[in-house]
**Student:** 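Structure provided below as structure tokens; questions to follow.
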2 protein chains.
Amino acid sequence: MSPEEPDEARSTRPPRLSRQRIVDAGLASIEAHGVDQMTMRSLGRDLGVEAMALYRYVSGREDLLEAVVESLLDGLIKRVEAAETTSWQEYLQHVAHEIRHMALAHPTAFPLVVSRHPAAPWLRPPLRDIAMVEHLLATLCERGFSDDQAVDTYKAFTSFLVGSLLLEVSTKTENVAAVEEPMNEGSADIPEQDTVEDVDLGQAPHVVRMRDRLSQDHSEAEFETGLESLLNRIENTVSH
Amino acid sequence: MSPEEPDEARSTRPPRLSRQRIVDAGLASIEAHGVDQMTMRSLGRDLGVEAMALYRYVSGREDLLEAVVESLLDGLIKRVEAAETTSWQEYLQHVAHEIRHMALAHPTAFPLVVSRHPAAPWLRPPLRDIAMVEHLLATLCERGFSDDQAVDTYKAFTSFLVGSLLLEVSTKTENVAAVEEPMNEGSADIPEQDTVEDVDLGQAPHVVRMRDRLSQDHSEAEFETGLESLLNRIENTVSH
DNA sequence: TGCTGCTGTTTACAGCGTAAGCGGTACGTT
DNA sequence: AACGTACCGCTTACGCTGTAAACAGCAGCA
């Protein structure tokens with residue numbers, strides 16, 4: 001074995017700063033404590049470095065967040081491009097499942113993928129990558145879609161993903177930020193309302209009755225059902 | 001006419017501070033300059049008052065944002081409750097259109113309605129109000145839905161709204177925050193990439209070919225189509 | 001030996017949310 | 001008329017943020 005290498009993995013000390021290391025630590029910090037808590041200073045602390053050191057590798061916090069989003073997407077694109085699918089249905093299902101997997105693996109960061117403005121208006125989240133969109137459109141056209149059909153499918157598909165996954169991860173992130181009561185305008189001797197649960201007990205009988213059902217998590221089945229329904233709908237407009 | 005009234009509308013000077021006035025100004029500021037720019041200090045400036053004065057009426061910035069979201073919703077609930085609809089299909093369409101109208105009227109604030117955690121996990125955005133959810137569930141049950149069917153419909157309906165409307169308003173908000181280039185790791189004599197438009201010209205022929213189609217705004221038609229498809233799907237599972 | 005380039009640190013500044021205390025004004029009670 | 005007492009908005013202050021700018025240590029090379 002070579003006794004000495006100029007690489008970065010010899011000592012237990014932090015090897016070196018790099019854009020990749022910063023982005024990874026940023027993602028980890030976001031998942032651990034929420035986006036707001038991921039500050040340049042705390043991130044520097046995580047990496048054993050002053051905050052300003054990060055600015056050699058990212059041009060600012062916004063750039064870093066953008067890079068985190070990008071890093072979530074590019075592992076996925078390669079997998080999608082590698083996978084071979086026989087029908088466009090199978091293809092869209094594969095993409096959908098990959099993205100759902102990513103969303104569930106990073107539930108706190110996923111809203112960033114959705115809410116940050118993409119580079120171009122026609123890049124719809126969560127497919128905010130040109131390569132990804134190109135691959136999807138190309139695949140659909142290959143399978144006999146017209147341009148219009150491909151674009152319509154792309155739009156309906158992204159809408160479905162955003163709606164399903166954003167609400168699904170939001171239930172899994174619940175109390176990163178604590179709750180606080182809203183304050184009442186005038187003086188304050190209105191009978192105290194203990195919890196949200198108690199208010200509707202009088203006002204919302206249906207909600208109370210169905211509360212268990214409402215709280216149950218069937219998101220996977222709902223996702224599959226919705227996806228299948230979407231594919232059926234597309235199938236009808238395509239074969240027409 | 002009475003020569004003097006103790007009310008607030010006599011002089012052109014700011015009448016008085018109140019929670020409602022603060023919330024309204026907050027919403028206006030958000031729509032004008034984006035959520036981030038709506039700071040307690042700037043909002044005080046808008047109202048001709050020091051920032052700390054606001055704290056008599058809202059318990060903090062978070063509370064204010066919550067109140068803004070609430071204010072977007074409660075005008076709508078009353079309208080939905082007032083409207084009379086004959087079928088559950090018509091009812092859901094009415095609700096969907098009301099919410100879409102709200103989203104388009106406040107495209108910058110709408111993401112707040114979606115992304116802020118609701119008071120209870122089973123209050124799914126954008127229907128984050130107990131009264132709203134109660135009314136929806138009650139109406140569906142009235143029309144013969146079982147509890148399970150009502151809950152499933154509620155979930156699918158909210159997912160649809162979030163996906164469609166969030167992406168629709170996001171295209172209408174495009175450049176509230178400016179773009180910035182991401183910085184490249186090593187030295188910087190890689191040939192400069194002028195705009196996003198030029199990169200894909202070589203790499204993404206399908207995107208280039210369909211760019212016009214991708215940019216065209218058919219969001220209304222897409223919304224109606226998607227909604228109708230959703231209603232059909234629900235209809236099938238209900239009558240089965 | 002000195003020069004040059006890269007890397008991380010130090011210092012500094014404007015702006016943020018907000019806790020705490022202060023002053024003025026209007027009003028009910030005496 | 002005078003006084004106590006709410007209420008309302010202002011002032012000050014603190015710790016936090018993102019980041020611009022100057023600086024220090026250290027590598028390799030002449």
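Values in this document were obtained by computation on a predicted structure and should not be read as measured data. Within every chain, numbering begins at 1; the chains are lettered A, B, ... in the order of the sequence lines, protein sequences first and strands thereafter.
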**Student:** Of all the choices, D:dC10, D:dT19, C:dT18, which nucleotide is nearest to the side chain of B:V49 once you look at every atom?
**Tutor:** D:dC10

**Student:** For C:dT7, does OP1 or OP2 lie under 4.0 Å from any side-chain N or O of A:R16?
**Tutor:** yes

**Student:** Starting at CZ of A:R19 and ending at C1' of C:dT7, how long is that distance when rounded to a whole Å?
**Tutor:** 17 Å

**Student:** Should B:R56 be listed as having a side-chain N or O under 4.0 Å from OP1 or OP2 of D:dC8?
**Tutor:** no

**Student:** A:L136 versus A:V80: any side-chain heavy-atom pair under 4.5 Å?
**Tutor:** no

**Student:** Please say which of B:R128, B:R19, B:R61 ends up in a salt bridge (Lys or Arg N to Asp or Glu O under 4.0 Å) with B:E66.
**Tutor:** B:R128

**Student:** Quick check on DNA chain D: between A:Q37 and A:M52, whose nearest nucleotide comes earlier from the 5' end?
**Tutor:** A:Q37

**Student:** Rounding to a whole Å, what distance do you find between A:M40:CE and C:dG8:P?
**Tutor:** 14 Å

**Student:** Just by distance, do the side chain of B:T171 and the backbone of A:P121 share a donor-acceptor pair under 3.5 Å?
**Tutor:** no

**Student:** A:L47 has an atom CG; how far is it from atom P of C:dG8, in whole Å?
**Tutor:** 10 Å

**Student:** Rounded to whole angstroms, how far apart are NE2 on B:H33 and P on C:dC16?
**Tutor:** 13 Å

**Student:** Taking atom types as modelled, is there a side-chain donor on A:S159 or A:R124 under 3.5 Å from an acceptor on the other?
**Tutor:** yes

**Student:** Without decimals, in angstroms, what is the distance between B:R45 CZ and D:dC10 P?
**Tutor:** 13 Å

**Student:** With no hydrogens and no angle check, just 3.5 Å: does a side-chain donor-acceptor pair link B:H135 and B:E81?
**Tutor:** no

**Student:** Report yes if the side chains of B:F223 and B:L165 come closer than 4.5 Å at any heavy-atom pair, otherwise no.
**Tutor:** yes

**Student:** Just compare D:dG9, C:dG8, C:dC16 and give me whichever is closest to any side-chain atom of B:Y57.
**Tutor:** D:dG9

**Student:** If you check every side-chain atom of B:R61, which of D:dC10, C:dT9, C:dT18 has the closest atom?
**Tutor:** C:dT18

**Student:** Counting side-chain heavy atoms from C-beta on, which of D:dG9, C:dT9, C:dT18 comes nearest to A:E50?
**Tutor:** C:dT9

**Student:** Just the rounded figure in Å: distance from C1' of D:dT17 to CG of A:L43.
**Tutor:** 14 Å

**Student:** Could you tell me how far apart B:R41 (CZ) and C:dA14 (P) are, to the nearest whole angstrom?
**Tutor:** 13 Å

**Student:** Report the distance from atom CZ of A:R21 to atom P of C:dT7, rounded to the nearest whole Å.
**Tutor:** 14 Å

**Student:** Shortest non-hydrogen contact from A:G226 to A:F160?
**Tutor:** C-CE1, 3.6 Å

**Student:** With respect to the phosphate group of C:dG8, does any side-chain polar atom (N or O) of A:Y55 fall under 4.0 Å of OP1 or OP2?
**Tutor:** no

**Student:** Any chance you could encode DNA chain C as dot-bracket? Rule is Watson-Crick or G-U wobble with both distances under 3.5 Å; [ ] for pairs crossing earlier ones, | for another strand.
**Tutor:** .|||||||||||||||||||||||||||||

